[in-house]
Amino acid sequence: MAEESTYNIGGIQYTKDDIRKLDEVSLRGALHERTHHGIEVPVYPLVLNWKNEAVPGFGITAQVLYDIWKEKGYPDDEDILWVKRYLDYAAQIREGVRPEIPELDEFPVPFTEEELKVVHKLIWGRRTSRGGWAKKEVGDDLIEKILEAGRAAPVGCNLDEVRFVILKTEEEKKLIRSDVPVDNGVIIVICYDTRPSHIVRQDLPDRVPHNRGFDCAAAGDHMGLMAQALGLTSVWLSDSPGNGKKFKEAWGLPDELEVAMHLGIGWPAAGSIKSARVPLDYMIIRK
Ligand SMILES: Cc1cc2nc3c(=O)[nH]c(=O)nc-3n(C[C@H](O)[C@H](O)[C@H](O)COP(=O)(O)O)c2cc1C
């Protein structure tokens with residue numbers, strides 16, 4: 001009897017049946033990571049230095065993960081459509097066909113002077129607000145724009161493990177500790193789901209467990225910038241892990257979720273002095 005094929009996920013060999021037993025979040029995480037490290041990272045040098053020969057097995061684990069994703073009836077969301085593009089290129093490479101990737105001919109266009117002024121205004125204009133927030137609702141449409149900005153932030157290994165909890169009422173906001181008043185504003189708690197990095201073993205101490213916190217911080221920064229652009233102000237509210245645990249319990253969040261940080265956002269009731277930075281030369285250790 002032929003030996004059953006196995007697929008390497010995070011250094012562990014899985015049969016198709018093993019993969020079928022994964023929960024949706026882990027399966028999605030493995031699919032993202034296998035697409036990222038198995039296709040997205042190696043495909044550019046491979047295509048740009050095309051040797052005119054088939055690469056057997058290229059991207060096959062991602063393909064098997066996707067087939068099981070579909071078998072289970074999970075949807076082709078935006079992220080999965082991104083996966084599918086790479087699967088298509090990988091299938092061509094396995095056949096010895098150089099895939100046509102239109103983006104290879106696209107280069108970033110430098111911003112105009114006017115556009116650069118807006119970028120400068122945003123990144124140097126963003127400031128932390130601690131003077132309280134005016135009694136004016138932060139509408140759902142604005143919260144949505146802010147969350148979308150967080151969604152656009154970079155993520156390690158394409159694992160997409162960042163999650164948000166939005167606290168609106170004063171009662172809800174009391175559930176998480178903050179060293180500045182958050183009356184009238186909203187709090188966005190930035191969490192990460194531990195399952196995507198766990199299934200691909202990126203959470204091991206000698207891998208990149210810190211990426212999950214970095215991903216949350218990147219999302220937080222994007223959201224703070226968007227809040228500023230909308231005329232709101234924000235404050236990062238980091239907290240000790242112990243308090244995050246209490247919040248999880250109070251909010252009934254599952255064990256798989258970890259709280260990284262939270263962001264207070266509202267309409268400023270008062271202006272604030274923008275803090276300054278050390279000189280650039282002081283920051284550069286060597287150039
Ligand atoms: C990782 C991190 C954690 C922070 N935690 C807090 C906090 O717990 N409470 C607070 O009032 N501000 C917090 N802040 C906001 C900083 O104090 C603020 O960014 C800094 O004073 C610079 O001011 P600016 O944001 O106006 O440029 C935090 C910022 C970062 C990046």
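First listed ligand is number 1; within each ligand, the first listed atom is number 1.
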> So which protein heavy atom does atom 3 (C) of ligand 1 come closest to, and at what separation?
Replying inline: S238 OG, 3.3 Å
>> Which of the numbered atoms in ligand 1 are under 4.0 angstrom from any heavy atom belonging to R127?
In response: 26 (O)
> Just going by heavy-atom distances, which of I273, T233, T128 is nearest to atom 24 (P) of ligand 1?
Replying inline: T128
> Which atoms from ligand 1 have a heavy atom of V180 less than 4.0 Å away?
Replying inline: 11 (O)
> Can K245 and D255 be counted as an ion pair, charged N to O under 4.0 angstrom?
Replying inline: no
> Purely on distance, is any nitrogen or oxygen of R130 under 3.5 Å from one on ligand 1?
Replying inline: yes
> Taking C-beta and beyond as the side chain, do V235 and W133 meet within less than 4.5 Å on heavy atoms?
Replying inline: yes
>> Among all protein heavy atoms in this structure, tell me which lies nearest to atom 28 (C) of ligand 1, with the distance rounded to 0.1 Å.
In response: W236 CB, 3.4 Å
>> Tell me whether ligand 1 is touched by M261 - counting only heavy atoms on the residue side and a distance under 4.0 Å.
In response: no
>> For W251 and F247, take the angle between the two ring planes, folded into 0 to 90°, and tell me which bin it lands in: parallel under 30, tilted 30 to 60, perpendicular over 60.
In response: parallel
> Which protein heavy atom lies closest to atom 23 (O) of ligand 1, and at what distance to 0.1 Å?
Replying inline: S275 OG, 3.0 Å
> So which heavy atom on V97 is nearest to which on W50, and how close?
Replying inline: C-CZ2, 3.5 Å
>> As an exercise, identify every atom of ligand 1 less than 4.0 angstrom from a heavy atom of K274.
In response: 24 (P), 26 (O), 27 (O)
> How about Q92 and R98: do any of their side-chain heavy atoms sit closer than 4.5 Å?
Replying inline: no
>> Suppose we measure from atom 9 (N) of ligand 1 to each protein heavy atom; which comes out shortest, and what is that distance?
In response: D179 OD1, 2.9 Å
